[in-house]
K.L.:
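Pasting a structure here, questions to come.
First the proteins, then the strands, lettered A, B, ... as listed; each starts at 1.
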2 protein chains.
Amino acid sequence: MSTIKGFSEETGISPYTLRYYEREGILLGVKRDPSGNRLYDEESLEWLNFILSLRMTGMPLSEIKQYVDLYKEGESTLRKRKQMMLDHKGKVEKNVAETLKYLETINYKLALYDFQEKGFTKMLP
Amino acid sequence: MSTIKGFSEETGISPYTLRYYEREGILLGVKRDPSGNRLYDEESLEWLNFILSLRMTGMPLSEIKQYVDLYKEGESTLRKRKQMMLDHKGKVEKNVAETLKYLETINYKLALYDFQEKGFTKMLP
DNA sequence: AAATACCTTACAGTATACTCTAATCCACGC
DNA sequence: GCGTGGATTAGAGTATACTGTAAGGTATTT
């Protein structure tokens, strides 16, 4: 059970962002103490970690919100949610493959620099 | 030698963005015809591809601009430019590793869905 | 009880990277 | 020679995801 400051420090997510996520309805499981202050526990930590794994792999907040809304509707949305995860997994894998392709271009550029350092001095990008 | 429309279609980058990149000084090698219209050739294509490989791997335009400015200064900046590429390569590789870690979380979630489909029906995120 | 340190809310501001609008210009076909 | 379709420019607008501010509340410490 941590306060917003503690939870922010534990997770590396700023209090602003934590409140923002909650306001937008994508961070569930946040409790309150008697005076209205936020309390974060294991449940909110799990949610946050899940949200972060979607966010950090490029899912926009609007789509994460859709997922969370489906979750709140209950078991009847299980299939849809699974499909969302499958689609997202596909996109992430495609994106990683693409990134690795672009990385090759960067490596090629680095090879040119090495080549140039060995005395070959034509100017290159 | 293509006009902005043709080049846009060839590369998939909108005319707006092509002009924007040029205005910001990150797309070099764009020529003009006698009446002032842009002409794109092999040189501009090479630049664009290079820029895109940086952009698509997450380098902000401001940093790409820095690189291009160094390039324009000539050979004296070779070492700096190489270092920028090395740093970026490191970041991209780190980011890919991180993404794959987050992908595992997503795969775990998918495994839970599979598990649930086989009759186990506790509600899960 | 005053100071402090944190919290709350609503809402405004910022950063990045486009994306579009408005006004104008230019070349080709009829 | 005039309309049509493209081009040009400067500058405004948009989207997303935060990030910060203002005004005030609460609780502990001195």
K.L.:
How long is the line joining CG of N37(A) and P of dG24(D), in whole Å?
P.N.:
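One finds 18 Å between P of dG24(D) and CG of N37(A), rounded.
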
K.L.:
Within the pair R38(B) and dT8(D), is there a side-chain N or O less than 4.0 Å away from OP1 or OP2?
P.N.:
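For dT8(D), OP1/OP2 do have a side-chain N/O of R38(B) under 4.0 Å.
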
K.L.:
Among dC7(C), dT8(D), dC18(D), find the nucleotide with the atom closest to the side chain of L61(A).
P.N.:
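Among the listed nucleotides, the one closest to the side chain of L61(A) is dC18(D).
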
K.L.:
With a 4.0 Å limit, can you tell me whether S35(A) has a side-chain N or O closer than that to the phosphate oxygens OP1/OP2 of dA27(D)?
P.N.:
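S35(A) to dA27(D) OP1/OP2: side-chain N or O found under 4.0 Å.
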
K.L.:
Without decimals, in angstroms, what is the distance between E24(B) CD and dA10(D) C1'?
P.N.:
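Whole-Å distance recorded here is 13 Å.
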
K.L.:
Can you find a heavy atom in the side chain of K72(B) that is under 4.5 Å from one in the side chain of T77(B)?
P.N.:
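K72(B) vs T77(B): side chains apart.
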
K.L.:
Indicate, with yes or no, if the rings of W47(B) and Y40(B) have centres closer together than 6.0 Å.
P.N.:
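Ring centres of Y40(B) and W47(B) not closer than 6.0 Å.
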
K.L.:
By nearest heavy atom, map R23(B) and K5(A) onto DNA chain C; which one lands nearer the 5' end?
P.N.:
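Residue closer to the 5' terminus by nearest nucleotide: K5(A).
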
K.L.:
Over how many whole Å does the gap from Y21(B) atom OH to dT16(C) atom P extend?
P.N.:
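Result: 15 Å.
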
K.L.:
What's the closest nucleotide to the side chain of R55(A) if the choices are dA17(D), dA7(D), dC7(C)?
P.N.:
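Output: dA17(D).
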
K.L.:
Check this for me, if you would: do D114(B) and K82(A) make a salt bridge, where the nitrogen-to-carboxylate-oxygen distance has to be below 4.0 angstrom?
P.N.:
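Answer for the salt bridge query: yes.
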
K.L.:
Between R32(A) and dT9(C), is there a contact of a side-chain N or O with OP1 or OP2 at under 4.0 Å?
P.N.:
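Answer yes for this pair, as a side-chain N or O of R32(A) is under 4.0 Å from OP1 or OP2.
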
K.L.:
When you measure from the side-chain N and O atoms of R19(B) to the phosphate of dT9(D), is any distance below 4.0 Å, counting only OP1 and OP2?
P.N.:
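Looking at the OP1 and OP2 atoms of dT9(D), neither is under 4.0 Å from any side-chain N or O of R19(B).
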
K.L.:
Can you measure K65(B) atom NZ to dT16(C) atom P for me and round it to whole angstrom units?
P.N.:
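Value for this atom pair: 14 Å.
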
K.L.:
In whole Å, I'd like the distance from the CD1 atom of I13(B) to the P atom of dC20(C).
P.N.:
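In whole Å, dC20(C) P lies 14 Å from I13(B) CD1.
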
K.L.:
Hey, does the side chain of Y16(A) come within less than 4.0 Å of dA17(D)'s phosphate (OP1/OP2), counting only N and O?
P.N.:
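So the side chain of Y16(A) is outside the cut-off, no N or O lying under 4.0 Å from OP1 or OP2 of dA17(D).
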
K.L.:
Could you pick out which residue, S14(A) or P34(A), lies toward the 5' side of DNA chain D when each is mapped onto its nearest nucleotide?
P.N.:
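Counting from the 5' end, the first nearest nucleotide belongs to S14(A).
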
K.L.:
Using the side-chain heavy atoms of Y20(A), tell me which of these nucleotides is nearest: dT8(D), dC7(C), dA17(D).
P.N.:
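The nucleotide sitting nearest to the side chain is dA17(D).
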
K.L.:
Give the rounded distance in Å between these two atoms: CG of L39(A) and P of dT26(D).
P.N.:
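It works out to 16 Å between those atoms.
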
K.L.:
How close or far is atom C1' of dG6(D) from atom CZ of F7(B), stated in whole angstroms?
P.N.:
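Distance check: F7(B) CZ to dG6(D) C1' gives 18 Å.
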
K.L.:
Any side-chain N or O of T3(A) under 4.0 Å from OP1/OP2 of dC7(C)?
P.N.:
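Yes, because at least one side-chain N or O of T3(A) sits under 4.0 Å from OP1 or OP2 of dC7(C).
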
K.L.:
Would you please indicate yes or no on a ring centroid separation below 6.0 angstrom for Y113(A) and Y108(A)?
P.N.:
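No - the distance between ring centres of Y108(A) and Y113(A) does not fall below the 6.0 Å cut-off.
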
K.L.:
According to a strict under-4.0 Å criterion, is T17(B) in side-chain N/O contact with OP1 or OP2 of dA17(C)?
P.N.:
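Indeed not, no polar side-chain atom of T17(B) lies that close.
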
K.L.:
Decide if the gap between the ring center of Y67(B) and the ring center of F50(B) is smaller than 6.0 angstrom.
P.N.:
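For Y67(B) and F50(B), the ring centres are under 6.0 Å apart.
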
K.L.:
Please report the distance, rounded to the nearest Å, between CE in M1(A) and C1' in dC7(C).
P.N.:
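Checked: the CE to C1' distance equals 17 Å.
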
K.L.:
Which nucleotide sits closest to the side chain of P60(B): dT19(D), dA17(D), dA17(C)?
P.N.:
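Looking only at side-chain atoms, P60(B) lies closest to dA17(C).
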
K.L.:
So how far is it from E22(A) CD to T17(A) OG1, rounded to the nearest 0.5 Å?
P.N.:
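Answer rounded to 0.5 Å: 12.5 Å.
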
